[in-house]
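One structure below.
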Amino acid sequence: MKVLFLIEELRKQLFTWWDCFGRHDLPWKYYSVDFITSNSKEALDGELDPYPIWIAEIMLQQTQVRVMLSYWERWMKAFPNKKVLAEARLDQVLLAWQGLGYYTRAHRLHAAAFKLKDSPWPRTLEGWMALPGIGRTTAGSILSSAFNYPFPILDGNVRRLLARLTAFDEPQVNMENYFWSLSNDLLDKERPRDFNQALMDFGALVCTPFNPTCQSCPFQKVCSAYSLGNVRRFPLKNKSKLFPVKVIGIAVILNQVGDVLIDQRLDKGLLAGMWEFPGGKQEEGELIEKTIEREVFEELAIHVEVKERLIELEHKYGQKQFRFIVHLCKWLSGDPKPLASQQVRWVSPNSLHEYPFPAANSKIIQALVEYLSLEIDHNPP
DNA sequence: CATACGTGGAC
DNA sequence: TGTCCAAGTAT
């Protein structure tokens, strides 16, 4: 009885906060034109187009709103509905995702669009979770957001909020199960769309990872973590192990007509399907010039002359740390073969923007473009 | 079930 | 400056 009252009270307080301070301007919540006009038989009263919501939910996985927002806007222009996305080339899809990270999300989005293109939108948890890239949280989020169906969510925001309210202090597996049932118990079954959004907004704006604003929090009196005086301790973190820095030698190879050699990474694993400049790991006691020469021969079966350094940069992929040392190279002999990649290609430096590159390579491209423009200034035709 | 999977932002 | 963290999923 007391618990029920507390839940009712919590919902009421949350909605009061949300009405004043929630994020009511997220564009995918107002982008229902396509759904209403072209699928009017599908759309029931008060429902939103699942497509823009689905795209947003995938982009939001481990990614903050302000980072993905511009990507979402460009995406909706390039691929306005699931049919266009399904028929787009993977290269174009990866290009639209370039810089967002976790590129398997783009592959899976493309594959899921193909499965969905000629069918009505799924309206069950199982239907959504059967699609690649969609787990329980994303499925629940789409179902509540688009159709106002009462499915709970457990994303980072909700997990953090619940962990602090309860000061939950047990191993991770128990925590997940408990929080899922708690999220379901709390869910307002009359207003699931608003409630889930309010929960996430609260986590993102008040119960934040750093500097939560407990002073103005309506749940301060019932928050166990706050009463323990250690809000930041929750949720409990896993200790992460550090990786040593690896040095990678990279070759920007130019041939006699000024084209540059790039390769497309394998379609599995890290940065799958993205393009890059060839290179590899420096071995113990090896000169970086030797690394580049060796890697180029091993991966492409060509000989190059390693010239001056173009740029050097640090880059981290999560826990992995790299130092990229990039040298300009002159092609000497051999027809490049894709021995460690899907394909290799000589391209004009001006057309590099047509290929999806990971973030670190974008900086290399920038350095190359600057170098080439200087060359032209110093050696006018 | 622990780990792979990117990048940019905050402090 | 290094460390932690973000609207998670798949294996």
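Each chain gets a letter, A, B and so on, in the order the sequences are listed, and its residues count up from 1.
In this structure, A:Trp121 and A:Tyr51 have tilted ring planes: the angle between them lies in the 30° to 60° band. Between A:Phe15 and A:Phe195, the two ring planes are perpendicular [angle over 60°; tilted spans 30° to 60°].
Looking at the side chain of A:Arg66, the nearest of the listed nucleotides B:dT7, B:dG9, B:dG6 is B:dG9. Between B:dT7, B:dC5, C:dC5, one nucleotide has an atom nearer to the side chain of A:Leu270 than all others, and that is B:dC5. Distance from the side chain of A:Arg108 is smallest to C:dA10 among B:dT7, C:dA10, B:dG6. In the set C:dA7, B:dG6, C:dA6, B:dG6 carries the atom at the smallest distance from any side-chain atom of A:Tyr317. The nucleotide whose nearest atom lies closest to any side-chain atom of A:Phe210 is, among C:dC5, C:dA6, B:dG6, C:dC5.
Spacing between atom OH of A:Tyr102 and atom P of C:dT9 amounts to 12 Å, rounded to whole angstrom units. In this structure, A:Asn211 places its CG atom 8 Å from C1' of B:dC11, rounding to the nearest Å. Computed from coordinates, the A:His107 NE2 to B:dG6 C1' distance equals 13 Å when rounded to whole Å. Atom CG in A:Leu236 sits roughly 15 Å away from atom C1' in C:dC4 (whole-Å rounding). Residue A:Lys268 contributes atom NZ, which lies 13 Å from atom P of B:dC5 at whole-angstrom precision. For A:Asn174 and B:dC1, the CG to P distance is 10 Å, given to the nearest whole Å.
Separation of the P atoms belonging to B:dC5 and C:dA7 is 23 Å when rounded to the nearest angstrom. Rounded to whole Å, the separation between the P atoms of C:dT1 and B:dG6 comes to 27 Å. Nucleotides C:dC4 and B:dT3, compared at atom P, are 16 Å apart to the nearest Å.
Judged by the 6.0 Å and 45° rule, A:Arg123 forms a cation-pi pair with A:Phe147. In this structure, A:Arg136 forms a cation-pi arrangement with A:Trp180, its terminal cationic atom sitting closer than 6.0 Å to the ring centre and no more than 45° off the ring axis.
An OP1 or OP2 oxygen of B:dT7 is reached within less than 4.0 angstrom by a side-chain nitrogen or oxygen of A:His315. A sub-4.0 Å separation between OP1 or OP2 of C:dT9 and a side-chain N or O of A:Thr138 is present. One finds a side-chain N or O of A:Lys320 lying less than 4.0 angstrom from the OP1 or OP2 phosphate oxygen of B:dC5. Between A:Lys237 and C:dC5 there is a side-chain polar atom (N or O) within less than 4.0 angstrom of OP1 or OP2.
For A:Trp17 and A:Phe202, the ring centers are positioned less than 6.0 Å apart.
Not a single donor-acceptor pair, N or O on each side, falls under 3.5 Å between the base of C:dA6 and the side chain of A:Arg159.
Between A:Gln321 and A:Gln197, the residue anchored nearer the 5' end of DNA chain C, judged by the nucleotide with its closest heavy atom, is A:Gln321. Both A:Gln62 and A:Val67 lie near DNA chain B, and the one whose nearest nucleotide falls closer to the 5' end is A:Gln62.
Classification of A:Lys83 and A:Glu87 as a salt-bridged pair holds, one side-chain N sitting under 4.0 Å from a carboxylate O.
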